2 protein chains.
Amino acid sequence: MRAGIGTARSECEMSTDGIMIPQACTRCAVRSRALCSALSPSELTALNNASRFRTFTEGQTIVTEGDPSIIANIASGICIEKKAMADGREQIVSVLFPADFISGELDGVSDTTVQAVSDVKLCYHDRAGFQRLLGEHAGLQRAYLAHARHELANAREWMLLLGQKTAEERVATFLLRLATRYTDAGCRHYPLETAVDGMVFEIPITRAQIASYTGLTIETVSRKFRTLSDQGAIALDGTRAVRITNVARLRLLSE
Amino acid sequence: MRAGIGTARSECEMSTDGIMIPQACTRCAVRSRALCSALSPSELTALNNASRFRTFTEGQTIVTEGDPSIIANIASGICIEKKAMADGREQIVSVLFPADFISGELDGVSDTTVQAVSDVKLCYHDRAGFQRLLGEHAGLQRAYLAHARHELANAREWMLLLGQKTAEERVATFLLRLATRYTDAGCRHYPLETAVDGMVFEIPITRAQIASYTGLTIETVSRKFRTLSDQGAIALDGTRAVRITNVARLRLLSE
DNA sequence: CGTTACGTTGAACAAGATCAACCTCGGTGG
DNA sequence: CCACCGAGGTTGATCTTGTTCAACGTAACG
């Protein structure tokens, strides 16, 4: 149950456009979407030299709230970020997908616990190396700042959900957000309505985790899945697979 | 009901430590706590040249969700930041105090509506000027980034409240956070327990706004104020003044 | 003084939580 | 191979918290 630890990497090879970039990066499935996409080949090489892969298995804790924060990209797999209360109640504050970035205060302590909900491969960045690069490269700066602001916008969107929405609206919103994440990740270029209608995807987390994320109980989540399905907005196939059968209706039910 | 518009400022004068900084800044009550505190005298002069004051009266909207975002410091007064749903439900996502910084995506659109809840004086920064400074001065960079991360941590803390806490816990937490804000602002150096016990302060927002902030109704907020008071944790004097009569108890009730 | 916005209090109600039973499915070991 | 086990999920009955609806206070302000 111990995390796999990678080794430093340095070999380079030609990318398709004829520029030398690190081998590990040419082979990286998420490079085009991750923070790395903001980097020039030389910047990418510098960052790569301060990076190594680590793997985690389902259920493993990657960082604990209160421990020193880490800087990493998700190369593959799904993680959740959560905050806990003394008595054990937990709030999931975000669900992280491949290409997502994990980072707390640059030089401090993590304010969340990050946990793998599938087998996960991370591209860890050395803190000192990352900070130096951040100082030297305006592109990385901008990307890093934009990431923080984007997370803030997400958190506030979710505050609106937790503070104001009904159970049904919460579950509908959760599904829409998942669908959006998947279409975004696939970089589709046609309108969202079309892209999402009929779309089938896997819910990457358990009912208990959905409950914690939406501020509901497992039972309520289960019941609302049922009613959304009864209303023809979605169709469930087993417990993890959903089909969006009517985005317009789902969107209507989401607020 | 129109916002007052200031004029550009450039005269300088000696500060107490014998260094030339802008007159407007020496006279600024919040300089030591605001983002400006990260700046050298020359940086401060540069930023000041790209800044002007504007005033707002109670209730005025400063930025609207979806409109271009602004970059400003609160020189005096209190604001709220909120998000709205199509049907009118609103979630307050933060309460802003003097020295707090207002800024959305650097080059984009605001994801919240900012509104004055008292008469407010803002120190507006010209966007282009601010961006240039940001590129040139590492100190400002760091401060700006730290601000975004700090807001993110606050938002997530509040997600835990909205998703998991009971009504009483929410109201207790709200009061504790207010008390902390006031002691922080005063830069006290003795332990928080001592500082807060017996402390009297003003609740800067209405019951309706507390309700929106905590995801409750006005009636529930009112009732929980009553029970907190019955339990001896606080004492209300009228509708806006509170005394923390027992921090330990209040903290206990906050989770 | 009304008038009005803000706040409190009480009674009835409902959304969602809790409690409990049962289902389903993917191991695991006899 | 199948019986058993346990984790995750669903469904139903009941209960509770907080909402809703309604009446009444209170204080600032023209």
Side-chain angles (χ1 to χ4, degrees), chain A residues 57-59 78 80 85 87-92 115 117-118 161-175 202-230 234-242 253 255, chain B residues 1 57-59 80 87-92 115 117-119 161-175 202-230 234-242 253 255:
Chain A
T57 58
E58 183 182 333
I78 312 267
I80 54 171
M85 290 174 57
D87 63 5
R89 281 175 282 176
E90 288 186 347
Q91 176 66 37
I92 292 180
Q115 191 179 2
V117 296
S118 69
L161 174 142
L162 294 170
Q164 306 297 330
K165 293 193 176 180
T166 65
E168 185 164 271
E169 289 168 341
R170 293 183 200 202
V171 174
T173 307
F174 166 73
L175 288 172
E202 206 184 284
I203 301 172
I205 56 178
T206 65
R207 294 291 186 271
Q209 287 161 345
I210 300 173
S212 166
Y213 193 32
T214 54
L216 302 167
T217 58
I218 326 179
E219 293 93 330
T220 301
V221 171
S222 178
R223 288 185 180 109
K224 295 310 174 183
F225 269 114
R226 187 90 169 72
T227 62
L228 289 177
S229 158
D230 287 349
I234 61 167
L236 283 163
D237 176 13
T239 157
R240 292 296 187 112
V242 215
L253 293 169
E255 78 161 69
Chain B
M1 251 314 198
T57 57
E58 184 182 332
I80 55 171
D87 64 4
R89 282 175 282 176
E90 288 186 346
Q91 177 66 36
I92 292 179
Q115 190 179 3
V117 296
S118 70
D119 287 350
L161 174 142
L162 293 171
Q164 306 296 330
K165 293 193 177 181
T166 64
E168 186 165 271
E169 289 168 341
R170 294 183 199 200
V171 174
T173 307
F174 166 73
L175 289 172
E202 207 184 284
I203 300 172
I205 57 178
T206 65
R207 294 290 185 271
Q209 287 160 346
I210 300 172
S212 165
Y213 193 30
T214 54
L216 302 168
T217 58
I218 329 180
E219 293 93 329
T220 302
V221 170
S222 178
R223 289 184 179 109
K224 294 311 173 183
F225 269 114
R226 187 90 167 71
T227 62
L228 289 177
S229 158
D230 287 349
I234 62 168
L236 282 163
D237 177 15
T239 157
R240 292 295 188 109
V242 214
L253 293 170
E255 78 161 68

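In the text below, chain A, chain B and the rest are named by the order of the sequence lines, each starting its count at 1. Side chains are part of it too, since the values below use all heavy atoms of this structure and drop only hydrogens, waters and symmetry mates. Please read all numbers here as calculations on a predicted model, not as lab measurements.
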Could you give all pairs that pass the salt bridge (Lys or Arg N to Asp or Glu O under 4.0 Å) test and reach residues 209-230 of chain B, with sequence neighbours left out?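 Sorted pair list: Arg226(B)-Asp230(B).
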
The nucleotide from dT10(D), dT9(C), dT8(C) with an atom nearest the side chain of Ile218(B) is dT8(C)

Picking from dG9(D), dT9(C), dT18(C), the nucleotide nearest the side-chain atoms of Glu219(A) would be dT18(C)

Any side-chain heavy atom of [X] within less than 4.5 Å of one from [Y]?
X         : Y         : value
Arg240(A) : Thr206(A) : yes
Gln164(B) : Glu169(B) : no
Glu168(B) : Leu228(B) : yes
Phe174(B) : Ile203(B) : yes

Between Val117(A) and Glu58(A), what is the shortest heavy-atom contact and its length?
->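 Answer, listing the atom of Val117(A) first, then Glu58(A): O-CG, 3.6 Å.
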
Shortest non-hydrogen pair, Tyr213(A) vs Leu162(A), comes out as O-CD2, 3.8 Å

Dump every N/O contact between nucleotides 13-17 of chain C and the protein below 3.5 Å, one line per pair.
unit_1	atom_1	unit_2	atom_2	d
dG16(C)	OP1	Ala167(A)	N	2.7
dA17(C)	OP2	Thr217(A)	N	3.4
dA17(C)	OP2	Thr217(A)	OG1	3.1
dA17(C)	OP2	Thr220(A)	OG1	2.4

Rounded distance in Å - [atom1] ([X]) to [atom2] ([N]):
X         : N       : atom1 : atom2 : result
Glu58(A)  : dG26(C) : CD    : P     : 14 Å
Ile210(B) : dG7(C)  : CD1   : C1'   : 11 Å
Arg240(A) : dT24(C) : CZ    : P     : 19 Å
Leu236(A) : dG9(D)  : CG    : C1'   : 11 Å
Glu169(B) : dT17(D) : CD    : P     : 12 Å
Arg207(A) : dT24(C) : CZ    : P     : 15 Å
Ile205(B) : dC6(C)  : CD1   : P     : 13 Å
Phe225(B) : dC6(C)  : CZ    : C1'   : 14 Å

Open item on the list: Could you check whether any side-chain N or O of Arg170(A) sits under 3.5 Å from a backbone N or O of Lys165(A), counting only pairs where one atom can act as donor and the other as acceptor?
Closed with: yes

Taking Thr214(A) for its side chain and Val171(A) for its backbone only, find out whether a donor-acceptor pair lies under 3.5 Å.
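No.
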
Protein heavy-atom contacts under 4.0 Å, written 5' to 3' over nucleotides 25-30 of chain D as B (base), S (sugar-phosphate only) or - (none), form the string ------

